[in-house]
Amino acid sequence: ATRGLRLLADVDGAESAGARARLTSFSAVIRQTQQRPREALELAERAAAQALECDEREALARAYEVMDWAYRMLGRADEAVHGQKSLALRQAIGDNSGAAIVINNMGAEAYFSGRWDDAVKLYAEARDALLRAGNAVQAANASANIAEVLVDQGRLDEAEPVLDEAVRVL
């Protein structure tokens, strides 16, 4: 990503602007994966600004997702407000798997804020969308999330078949 950004540094035009936004948002994801929220946030904010300038929707969705993750990791959850915008962008570009992952993340937000019924509904919506998109592994993760809520609620008999299926796939 860094090498690509260097190559594009002196290149003008809409295509290179979009490539810069995509590379910067990918760099933000790398920092997220490395558990470096401050750096991820800085890169994601830069990517969002770049993406808005050239209407690069995939990069903007990715930047929003990293920004919300970073805000939560930095104890600033009240600033993590980009989920619906990211979801709308993913849907607009036809990224059904990406949209479903955003919904799954929204389920996690509901779970951690104590809205367990909402969490289960969002996880189930994400699972079903991921299955339609052909992403069985992420769908199994969503199922495991459902099972986690059911276990936390003491509903072990309901959780077991959901978890068994998730384990089988994973």
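- For Ser97 (side chain) and Ala133 (main-chain N/O), no donor-acceptor pair under 3.5 Å exists by modelled atom type.
- Between Ala147 and Leu163 the shortest heavy-atom distance is CB-CB, 3.9 Å.
- Annotation: the span from Trp69 atom CH2 to Arg31 atom CZ amounts to 11.0 Å, rounded to 0.5 Å.
- At least one donor-acceptor pair under 3.5 Å links the side chain of Arg20 to the backbone N or O of Leu8.
- Note that CG of Leu170 and CD of Glu165 are 9.5 Å apart. Values are rounded to the nearest 0.5 Å.
- Here Arg3 contributes atom CZ and Leu23 contributes atom CG; the two are 12.0 Å apart, rounded to the nearest 0.5 Å.
- Side-chain atoms of Asn104 and Asn141 include no donor-acceptor pair closer than 3.5 Å.
- A distance of 12.0 Å separates CZ in Arg62 from CG in Leu89, rounded to the nearest 0.5 Å.
- Atom-to-atom distance recorded for Met67:CE and Glu65:CD is 11.5 Å, nearest 0.5 angstrom.
- Other residues, nucleotides and ligands place no more than 12 heavy atoms under 6.0 Å from the CD atom of Glu15.
- The environment of CG in Asp78 is crowded: more than 12 heavy-atom neighbours from other residues, nucleotides or ligands sit within 6.0 Å.
- Around CD of Glu160, the count of heavy atoms belonging to other residues, nucleotides or ligands within 6.0 Å does not exceed 12.
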For this session: Take Glu109 and Arg72, measure what salt bridge (Lys or Arg N to Asp or Glu O under 4.0 Å) needs, and give me the verdict at the end.
Result: CA-CA 10 Å; Glu109 292 171 31; Arg72 281 189 214 88; 2.3 Å; yes
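- No side-chain heavy atom of Glu58 sits under 4.5 Å from any side-chain heavy atom of Asp95.
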Exercise. Is there a side chain to side chain contact (heavy atoms under 4.5 Å, CB included) between Arg127 and Leu130 once you walk through the steps?
Worked result: CA-CA 5 Å; Arg127 179 197 56 211; Leu130 286 159; 5.7 Å; no
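- Between Glu125 and Lys121 there is no salt bridge, since no side-chain N of the basic residue sits under 4.0 Å from a carboxylate O of the acidic one.
- By the rule that hydrophobic residues join a cluster once side-chain heavy atoms approach within less than 4.5 Å of another member, Phe26 and Leu52 end up as members of separate clusters.
- Summarising the local packing, NZ of Lys85 is surrounded by more than 12 heavy atoms from other residues, nucleotides or ligands at distances under 6.0 Å.
- By the side-chain hydrogen bond (donor to acceptor under 3.5 Å, both in side chains) test, Ser143 pairs with no residue at all, sequence neighbours left out.
- Contact annotation: the side chain of Gln138 approaches that of Ile101 to within less than 4.5 Å [non-hydrogen atoms, C-beta and beyond].
- With rounding to the nearest 0.5 angstrom, the CD atom of Gln50 is 8.5 Å from the OG atom of Ser25.
- With contacts defined as side-chain heavy-atom distances shorter than 4.5 Å, the pair Gln32/Met73 does not qualify.
- For Arg38, the CZ atom counts as loosely surrounded, since its 6.0 Å shell holds 12 or fewer non-hydrogen atoms of other residues, nucleotides or ligands.
- Using a 4.5 Å cut-off between side-chain heavy atoms of Ile, Leu, Val, Met, Phe, Trp and Tyr, Tyr111 falls into a hydrophobic cluster with Phe112, Trp116, Val120, Tyr123, Ile146, Val149, Leu150, Val162.
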For this session: Might you work through the salt bridge (Lys or Arg N to Asp or Glu O under 4.0 Å) test for Glu56 and Arg22, ending with a clear yes or no?
Result: CA-CA 8 Å; Glu56 174 48 59; Arg22 287 188 302 276; 2.7 Å; yes
